[in-house]
J.: 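Dropping the structure in here first, questions after.
The residues of the chain are indexed from 1 along the displayed sequence. Excluded from the calculations below are hydrogen atoms, water molecules and symmetry mates; all remaining heavy atoms, backbone and side chain alike, are included.
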Amino acid sequence: MIEVKNLTKRYGTVRAVNDISFSVDDVGVYGFLGPNGAGKSTTMNIITGALAASGGEVTINGFDIFEEPIEAKKCIGYLPENPPLYSDMTPEEYLVFVARAKGIPAARIEKDVEGVMKKTGLTHMAERLIRNLSKGYKQRVGIAQAILGDPDIIILDEPTVGLDPIQIVEIRELIRELGKEHTVILSSHVLPEISSVCDYVIVIFRGKIVVQDKLENLNRMFSETEILRVTTKGNGDKLRAALEKLEAAEKVTVVSNAVEVEAVIEVSSGADIRENISDILRELDMPVLSFTSNAQSLEDIFIKLINEQHIVEDDPSIPVKKVKKSKSEIKQSSKGRAYYEDDEDGSDNEDAEYTPLFEVDDSDDSDEND
């Protein structure tokens, strides 16, 4: 459904997106992860046609987002990080406006608007002005406009920002339901949110795709063995003997005391012997007091992926030039950095937008008024 080839976005000499390629071919929820400044929002903005690219191709359901933007955008529902709301409208008025802008037939608009308000819990807020809504309800209005029209592809950038815990649970459930019939791309800094709703993960770092895979495959990639811990009561020797017969159990350690028995089983990667262990405990008439696994969380996997890319506190991918004070306008910041932008060919452009690219060298003896 989405095909991205050699996509690049440059801001002066900085490549926010650096020649990335990936595809999303099926329904489901895809988590788009990366540290701040990795290029997530830039990539999403390009995919949706909200931002031009410096190079590369993006096709949506076979339509080129740059050559056939209208047809491509008909397939997409988009919630940007800051929802594009009109504060002097009510949610209902705003959604009717969006429905017309999306080209939804007039006969369907009322029903479709009622449907998305119900899904996002906005029905009782339909007549309030958007400016008077809480941040959480404004976020719901943004989600409602994204799913209005039942698009094939739904792209959500930080969809639960500002929601309370109950609302977060409700929106996560909505995202899971949408993923059953739609392709949903979800960007979030809340990693437990990604792990709880996403089927696939795409990790981007310094403008490049680091990995794209199913969550379960990522866990296997970063763990050669899995450790299962079982706490029970009964005969520890019999339990050890039975567990050691399991082919996938590489090492079994059983410790007993007067109160309970703890078994630690190292399992070869990819093997799932939980049911086998349950059968053994049942046969030995030993109750399960606890059963845990060291299967890595998404946070663990994410940190390992990023660490493999040799993160440093001062990101060397951001070019910093030393310049002398000159008659060119340089806006000095409180941290001793200047805001100035090069042309794409590297030449100075005095009319360019200010961008943090240069470090100021104050060693020049020139006049301070220069």
J.: Does any N or O in the side chain of H182 come within less than 3.5 Å of the main-chain N or O of G28, such that one atom is a donor and the other an acceptor?
T.: no
J.: Keeping the roles fixed (side chain from T48, backbone from N45), state whether a donor-acceptor pair exists under 3.5 Å.
T.: yes
J.: If every non-hydrogen atom of A242 is compared with every non-hydrogen atom of I280, which pair is closest and at what distance?
T.: CB-CG2, 3.6 Å
J.: If the threshold is 4.0 Å, N to carboxylate O, is there a salt bridge linking E81 and K40?
T.: no
J.: Working to the nearest 0.5 Å, report the span between CD1 of I154 and CG of L178.
T.: 4.5 Å
J.: For the CD atom on E110, are there more than 12 heavy atoms of other groups (residues, nucleotides or ligands in this structure) within a distance under 6.0 Å?
T.: no
J.: Compare every heavy atom of Y30 with every heavy atom of C198, then report the nearest pair and how far apart it is.
T.: SG-C, 4.0 Å
J.: If you measure only the distance, is there a donor-acceptor pair under 3.5 Å linking the side chains of S41 and D157?
T.: yes
J.: Would you call the rings of H124 and Y137 parallel, tilted or perpendicular if under 30° counts as parallel and over 60° as perpendicular?
T.: perpendicular
J.: Measuring from T231:OG1 to E260:CD, what's the distance to the nearest 0.5 Å?
T.: 5.5 Å
J.: Do V141 and L122 have side-chain heavy atoms sitting under 4.5 Å apart?
T.: yes
J.: Return the set of residues passing side-chain contact (heavy atoms from CB on, under 4.5 Å) with E57 (not counting sequence neighbours), or none when no residue passes.
T.: K5
J.: Just wondering, are more than 12 heavy atoms of other shown residues or ligands nearer than 6.0 Å to NZ in K102?
T.: yes
J.: Spell out, yes or no, whether V288 and I265 are grouped together once hydrophobic residues are joined by side-chain heavy atoms under 4.5 Å, including indirect joins.
T.: yes
J.: Is there a path of hydrophobic side-chain contacts, each under 4.5 Å between heavy atoms of I/L/V/M/F/W/Y residues, joining L7 to F63?
T.: no
J.: Run the numbers on E114 and K111 for salt bridge (Lys or Arg N to Asp or Glu O under 4.0 Å), then give the verdict.
T.: CA-CA 5 Å; E114 288 179 358; K111 181 179 179 181; over 6 Å; no
J.: Do L95 and V116 have side-chain heavy atoms sitting under 4.5 Å apart?
T.: yes
J.: Run the side-chain contact (heavy atoms from CB on, under 4.5 Å) test on K9 and R15 for me, step by step, so that the C-alpha distance in whole Å, both residues' side-chain angles and the decisive distance to 0.1 Å come before the verdict.
T.: CA-CA 6 Å; K9 177 62 179 179; R15 290 197 176 199; over 6 Å; no
J.: Once rounded to the nearest 0.5 Å, what's the spacing between atom CE of M286 and atom CD1 of I277?
T.: 12.0 Å
J.: For a 4.5 angstrom cut-off between non-hydrogen side-chain atoms, does I2 reach I153?
T.: yes
J.: Write down the atom of T120, the atom of A144, and the distance for their closest heavy-atom approach.
T.: OG1-CB, 3.8 Å
J.: Could you tell me whether D88 atom CG has more than 12 heavy atoms of other residues or ligands within 6.0 Å of it?
T.: yes
J.: What distance separates K119 NZ from I147 CD1, expressed to the nearest 0.5 Å?
T.: 5.5 Å
J.: Has the side chain of T183 got a donor or acceptor atom that lies under 3.5 Å from a matching backbone atom of D26?
T.: yes
J.: With a 4.5 Å heavy-atom cut-off, do N235 and L284 have their side chains touching?
T.: no
J.: Do I47 and I65 come within less than 4.5 Å of each other through their side chains, counting heavy atoms only?
T.: no
J.: Kindly compute the distance separating OG (S187) from CG (L79), expressed to the nearest 0.5 Å.
T.: 10.5 Å
J.: With a 4.5 Å heavy-atom cut-off, do V230 and L289 have their side chains touching?
T.: no
J.: Does a sphere of radius 6.0 Å around CZ in R229 hold more than 12 heavy atoms from other residues, nucleotides or ligands, not counting ones at 6.0 Å or beyond?
T.: no
J.: Please report the closest heavy-atom contact between R240 and V252, naming both atoms and the distance.
T.: CG-CG1, 4.3 Å
J.: Could you pull out all residues at least two apart from E158 that satisfy salt bridge (charged side-chain N to carboxylate O under 4.0 Å, His left out)?
T.: none
J.: To the nearest 0.5 Å, tell me how far L129 CG sits from M89 CE.
T.: 11.0 Å
J.: Sub-3.5 Å donor-acceptor pair from the side chain of S256 to the main-chain atoms of V261, do we have one?
T.: no
J.: If you define the side chain from C-beta out and look only at heavy atoms, does anything of Q167 sit under 4.5 Å from R140?
T.: yes
J.: Where do P80 and Q145 come nearest, in terms of heavy atoms and distance?
T.: CD-NE2, 4.4 Å
J.: Give the minimum heavy-atom separation between S21 and I209, together with the two atoms involved.
T.: O-CG1, 4.3 Å
J.: Among residues at least two apart in sequence or on other chains, which ones pass side-chain hydrogen bond (donor to acceptor under 3.5 Å, both in side chains) with E68?
T.: none
J.: Quick one: are F32 and T43 in side-chain contact, heavy atoms under 4.5 Å?
T.: yes
J.: Taking a hydrophobic cluster as the set of Ile, Leu, Val, Met, Phe, Trp and Tyr residues connected by side-chain heavy atoms closer than 4.5 Å, whether directly or through intermediates, do F22 and F66 fall within one such cluster?
T.: yes
J.: Is a side-chain N or O of T59 found less than 3.5 angstrom from the main chain of G62, in a donor-acceptor match?
T.: no
J.: Cluster question for you: counting only ILVMFWY and a side-chain heavy-atom cut-off of under 4.5 Å, with indirect links fine, are L186 and V169 together?
T.: no
